[in-house]
Structure formats: C-alpha cells, structure tokens
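First the structure, in the form of structure tokens, and then the observations on it.
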Amino acid sequence: MNFTRRDFLSTTAAFFFDPQPAADVTLKIGNVEVAIGPKRTVRTTSYNGAFPGPILRFPEGRTVTIDVINETTEPELVHWHGLYIPSDVDGSSEEGTPMVAAHSQHRYSFVPKPAGTRWYHSHVYAGKNLHRSTYSGQFGMLIVEPRENPARYDQEIPLVLHGWNPYLSTLAGGGEGDEGSLAVHYEALTVNCHMLGAGEPVRVREGERVLFRIVNANATIVHRLAIPGHKFTVVSMDGNPVPNPTAVNVLELAPGERIDAVVGMNQPGIAILGDADDQVRKLGLGVVVEYAGRTGAPQWTAADHEHWDYTLFGRNETAPEPDERVPLVFKQKWNGNRAVDHWTINGKEYPKTAPIQVRENGRYRLIFDNQSDDMHPVHLHRHSFELVNVNGKPTRGVMKDVVDVMPKTKVEVDLVANNPGPSLFHCHMQLHMDFGFMTMLEYVGQPAIPTMSHGHGLSG
C-alpha cells in the first residue's frame with residue numbers, strides 16, 4: 001500500500017487536532033437568575049442554566065462520560081451521590097477526586113450502578129458562606145435505569161426539594177437578646193424550580209398510578225410531605241427497593257434522602273402536595289396536583305400525625321452477628337450564644353477524627369450513637385448499608401446510603417466493605433459537615449486517605 005504525503009498530513013492533523021470523543025453529558029456550572037414565584041427571584045450557581053439540573057438517565061452497567069465545565073471563579077466538585085464508583089471520580093476531594101478549577105473543564109468517566117434514584121450535587125466546603133455547595137442551585141436527579149423494571153405505574157413525576165436565600169440566625173429570630181446557637185433559615189422553598197402555586201401543576205387522571213421520585217436536596221431541612229386524601233406506597237428508599245412496600249400518609253426525607261412512592265389517584269379534585277408543616281409550606285414547599293377535568297382552588301387539609309419509622313419498610317428479623325462492631329458517638333461542641341456549633345465523632349472533629357478501618361468483604365456493624373440534641377442524616381459515600389436496628393427495634397432488608405439518626409437515639413447498620421478505596425462519611429446537613437462532622441472510611445491494606453490538600457479547608 002502506498003502512503004502519500006497527503007496521507008501523512010491528514011494523519012498528523014488528526015493526531016494533533018482531533019478532539020476527544022464527545023461526552024455523553026455536558027454540565028456547565030454558571031451563575032443564573034431564576035424567578036421562583038411572583039416577585040421572587042433567586043441568584044445562584046446551577047448546572048446548565050437551570051435548577052434542578054437536567055435529569056440524567058443512564059443504563060445500568062454501561063460506561064458514561066460527563067464533561068463538567070466550571071464557568072465560575074471558584075473551584076468546584078460534582079458528587080455522584082449513591083453510586084458505587086471509584087474514589088477518584090466520586091466527587092470528594094477528601095477521597096482524591098480532583099477539583100474542577102475556576103474557568104476549567106474536567107471529564108468524569110464511570111460505570112453507573114446500582115440501579116435506582118440517585119442524584120448529583122456540589123461537594124465543596126461552604127462554612128458560613130451560604131451561597132456555596134448544597135446551599136446553591138447545583139443539584140439534579142440521576143436515575144440509573146434497571147435492566148428490568150417490575151414497578152407498574154402510569155406516569156413518573158420527579159420532585160426535588162430545596163431552600164433559597166439562607167441566612168444564619170437563632171430560632172428566636174436573631175435579636176440582640178436571643179440565646180442559643182446559630183442555625184440556617186430560608187426565605188423561600190421550592191419543589192423543582194417554583195414555590196407553591198407559581199409553576200405548572202402536576203397533572204393526573206383519575207385511576208392512574210403515579211410514581212413520585214423525590215429528592216431532598218435541601219442543605220439542612222427535613223421535609224414531611226403529604227397529599228390530603230391520598231396515601232404514598234413507598235417502593236424504594238435511596239434508590240433501593242424495600243422488601244416491604246407500605247402505604248403511609250406522610251413521607252419524611254432528611255437532606256440527601258430519596259424516596260420512590262406510588263400514589264393511586266383516586267380522590268378527584270385539585271389538591272396540594274406539600275410540607276405538613278404550615279410555616280414551611282407557606283414559604284413555598286409544595287406543588288398543586290390537578291386531576292383532569294377539575295377546576296377550583298387547590299385544597300389542603302392537615303395530614304394525620306404519623307411517626308416516621310424506617311422499620312415499616314423492612315422485615316421484622318434480627319441480623320446475624322457481624323465480623324466487628326464499630327461504635328460512632330456523635331456530640332456537639334457548643335461555641336457560645338450566636339455562634340455555630342461544632343460537631344465530633346468519637347470525641348474529635350474533622351480533620352482530627354480517627355478513620356473507620358475495614359477489610360475488604362468484611363461485614364461491619366456501624367453503631368450511630370447520637371448523644372446530641374439535633375438529628376443527623378449521616379451519609380457514607382460509595383456504599384449502601386443495611387438498617388438492622390432503629391432505636392432498639394430490629395429490622396432487615398432496607399438498604400440506604402443516608403439514615404437520619406434522631407436526637408438521643410441509636411441506629412445500627414451493617415456495612416459489607418465491597419468497594420475498596422477511601423470513602424467519606426459525614427452528616428448531610430451542610431452546617432454540621434462543615435463544622436467537624438466528617439471522617440473517612442479506609443480499607444486496611446489499601447491506599448489510605450490521599451495526601452492532597454482537603455477541599456474543605458478546615459483548620460481544626
């Protein structure tokens with residue numbers, strides 16, 4: 001075969017100038033201004049000029065590539081919450097994922113698994129800057145499509161919950177004479193991109209079965225959701241099918257949690273799907289549900305008080321003994337009136353916390369002992385764990401990656417250490433995480449925590 005000068009030039013040009021193959025998805029981090037309601041505008045950073053970001057749907061088990069373009073002046077990270085992927089692409093600088101520098105681009109490539117409702121969000125340090133990380137508009141739903149889908153429903157409705165214009169204040173309102181620690185409050189709340197009544201309603205037909213995929217992307221608030229006259233049948237939690245789908249009046253989601261619930265549309269009318277707390281709902285946390293052919297004002301009636309209980313969705317069984325028990329005690333360090341509390345795990349705050357050490361394929365019982373006066377939705381990256389005891393009540397089969405540990409209670413979970421590499425463990429309330437509530441899970445015999453500087457930048 002003759003190789004001409006033209007062939008040489010063509011090959012050389014391709015070598016030097018051909019771009020890498022196009023990514024499956026491109027996410028651009030940039031500043032946006034969005035009207036969430038009448039005379040209510042939010043200025044924030046988001047993905048692709050909107051919030052939530054685009055719903056990402058990936059087939060289970062096929063490699064995907066995602067280009068993240070950071071058009072802001074601050075370094076960023078995208079965490080792929082709930083996926084079993086390597087540490088260097090998980091989206092945590094503590095695990096070794098590279099930051100996406102200001103005005104730069106980074107490509108993530110991984111095999112998405114397991115199937116189910118996951119999500120993605122910023123994972124940088126915020127501290128008292130309530131415009132960064134999960135306070136911002138950088139969040140979106142990620143669905144890993146299963147090879148088989150046994151759930152039967154007529155339509156799917158994604159709902160992502162968030163809060164806007166946060167500020168630090170005491171519960172009493174922030175006056176000079178107030179006592180207590182600072183907490184995060186919000187001026188407005190949204191479902192997807194609108195406050196209650198400002199956006200398009202959820203349109204349904206009588207007799208339909210509707211699957212609601214719900215993500216609590218709020219940085220600090222636990223939400224309790226209800227639709228008057230309807231029940232939610234919970235089929236998955238944190239994207240993982242539950243062994244005992246159960247109908248409840250109210251769903252409860254802490255920051256970072258997801259619930260898939262099927263609702264039978266059998267009460268024709270116009271209702272509100274909203275937060276059971278009147279004050280939270282008045283700040284915007286709700287959406288109108290409109291049956292076809294019905295008109296009138298949206299209706300709300302108080303939901304029956306119902307204690308949220310993870311064990312309803314599991315099996316009433318006692319788990320076998322694990323290879324090892326790992327006690328993790330959570331306490332707060334009060335810093336004084338009108339100050340932000342710090343948080344400790346086993347007496348130390350990050351980065352001085354001792355890592356949780358495991359061996360590959362071992363089964364470990366993590367004992368979350370919350371000795372503080374606040375709830376803690378704790379999250380382990382790159383793994384799921386099985387709830388085995390909730391406040392003294394044994395259970396099996398509910399697999400999660402976030403569990404809300406109520407004040408002065410214990411939750412025990414079993415972890416199978418099956419994804420080697422450094423993994424971050426933290427409270428998903430941004431204010432708690434930023435002020436000490438983090439540690440690492442590391443595999444014995446594997447590379448430990450990376451020596452690179454920590455993205456959180458904590459000093460003690």
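Any value given below was found using the heavy atoms of this structure, including those in side chains, with hydrogens, waters and symmetry copies removed.
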Is there a side chain to side chain contact (heavy atoms under 4.5 Å, CB included) between Val202 and Leu273 once you walk through the steps?
CA-CA 9 Å; Val202 172; Leu273 188 167; over 6 Å; no
Angle class for the Phe139/Trp164 ring planes (parallel below 30°, perpendicular above 60°, tilted otherwise)?
tilted
Measure the spacing between CG of Leu380 and CE of Met440 and express it to the nearest 0.5 Å.
9.5 Å
Assess whether side chain to side chain contact (heavy atoms under 4.5 Å, CB included) is satisfied between Glu290 and Arg203, documenting all intermediate values.
CA-CA 5 Å; Glu290 179 184 289; Arg203 293 186 171 89; 3.8 Å; yes
Can you classify the ring geometry of His79 versus His379 as parallel (below 30°), tilted (30 to 60°) or perpendicular (above 60°)?
tilted
Could you tell me whether Lys113 and Glu60 have a side-chain N and a carboxylate O separated by less than 4.0 Å?
no
Checking Trp119, Phe110, Phe58 against Trp80 for ring pair (Phe, Tyr, Trp, His ring centres under 6.0 Å), the one that qualifies is Phe110
Donor-acceptor pair, distance only, cut-off 3.5 Å: does the side chain of Tyr291 make one with the backbone of Asn266?
yes
Within a radius of less than 6.0 Å around CZ of Arg325, do more than 12 heavy atoms belonging to other residues, nucleotides or ligands occur?
yes
Could you tell me whether a side-chain N or O of Asn48 sits under 3.5 Å from a main-chain N or O of Lys28, the two making a donor and an acceptor?
yes
For Arg359, is the CZ atom crowded, meaning more than 12 foreign heavy atoms sit under 6.0 Å from it?
no
For the CG atom of Leu431 and the CG atom of Leu130, what is their distance to the nearest 0.5 Å?
7.5 Å
Is the distance between the ring centroids of His428 and His426 under 6.0 Å?
yes
Leu387 vs Met237, side chain to side chain contact (heavy atoms under 4.5 Å, CB included): CA-CA, chis, key distance, verdict:
CA-CA 12 Å; Leu387 305 189; Met237 304 184 78; over 6 Å; no
Between the main-chain N or O of Asn244 and the side-chain N or O of Thr246, is there a donor-acceptor pair closer than 3.5 Å?
yes
Tell me whether the rings of Trp343 and His432 are parallel (<30°), tilted (30 to 60°) or perpendicular (>60°).
tilted
Take the angle between the ring planes of Phe385 and Phe368 and call it parallel below 30°, perpendicular above 60°, tilted in between.
perpendicular
Let me see the working for Tyr135 and Ser122 under side chain to side chain donor-acceptor pair (under 3.5 Å), right down to the final yes or no.
CA-CA 9 Å; Tyr135 299 114; Ser122 172; over 6 Å; no
N-O pairing of Asp260 and Arg213 below 4.0 Å:
yes
Verify, without hydrogens or angle tests, whether Arg281 (side chain) and Asp275 (backbone) share a donor-acceptor contact under 3.5 angstrom.
yes
Give me the atom names and distance for the closest heavy-atom approach of Ala292 to Arg205.
CB-NH1, 3.8 Å
Are the side chains of Glu71 and Ile69 in contact, using a 4.5 Å heavy-atom criterion?
yes
Within a 6.0 Å radius of atom CZ on Arg315, are there more than 12 heavy atoms belonging to other residues, nucleotides or ligands?
yes
N-O pairing of Glu386 and Arg365 below 4.0 Å:
no
Can a donor-acceptor pair be found, under 3.5 Å and without considering hydrogens, that links the side chain of Thr439 to the backbone of Ala354?
yes
If every non-hydrogen atom of Thr97 is compared with every non-hydrogen atom of Gly91, which pair is closest and at what distance?
OG1-N, 3.1 Å
Hey, could you give me each pair passing ring-ring contact (aromatic ring centres under 6.0 Å, His included) that has a residue in residues 194-220? Not counting sequence neighbours.
none
Checking Asp90 against Ser92 for the side chain to side chain donor-acceptor pair (under 3.5 Å) test, could you report, in this order, the C-alpha distance in whole Å, the side-chain angles of both residues, the deciding distance, and whether it holds?
CA-CA 6 Å; Asp90 183 54; Ser92 162; 5.4 Å; no
side-chain contact (heavy atoms from CB on, under 4.5 Å) test vs Pro54 passes for just one of Leu142, Leu27, Thr26, namely Leu27
For the student: nearest non-hydrogen atoms of Glu187 and Tyr167, plus distance:
CG-CE2, 4.1 Å
Check Asp401 with Arg258, please: is the shortest side-chain N to carboxylate O separation under 4.0 Å?
yes
Less than 6.0 Å separating the ring centroids of His230 and Phe232?
no
I'd like to know whether the aromatic ring centres of His162 and Phe51 sit less than 6.0 Å apart in this structure.
no
Tell me if a side-chain donor or acceptor on Asn70 pairs with a main-chain N or O of Ser104 at a distance below 3.5 Å.
no
Under a 4.5 Å cut-off applied to non-hydrogen side-chain atoms, are Leu415 and Leu441 in contact?
yes
At their closest point, which heavy atom of Asn218 faces which heavy atom of Thr220, and how far apart are they?
OD1-N, 2.9 Å
Do Val191 and Leu161 have side chains that get closer than 4.5 Å, going by heavy atoms?
yes
A side-chain contact here means heavy atoms from C-beta on lying under 4.5 Å apart; do Ile345 and Phe330 qualify?
yes
Is a donor on one side and an acceptor on the other found under 3.5 Å between the side chain of Asn389 and the backbone of Glu412?
no
Can a donor-acceptor pair be found, under 3.5 Å and without considering hydrogens, that links the side chain of Thr65 to the backbone of Asp24?
yes
Give me the atom names and distance for the closest heavy-atom approach of Arg382 to Ser423.
NH1-OG, 2.6 Å
For Asp88 versus Pro98, what's the shortest heavy-atom pair and its separation?
O-CD, 3.6 Å
Any side-chain heavy atom of Val68 sitting closer than 4.5 Å to one from Leu77?
no
So, the side chain of Asn192 versus the backbone of Val160: is there a donor-acceptor pair under 3.5 Å, distance only?
yes
Asp238 side chain to Asn240 main-chain N or O, any donor-acceptor pair under 3.5 Å?
no
CG on Leu211 to CD1 on Ile157, rounded to 0.5 Å:
9.0 Å
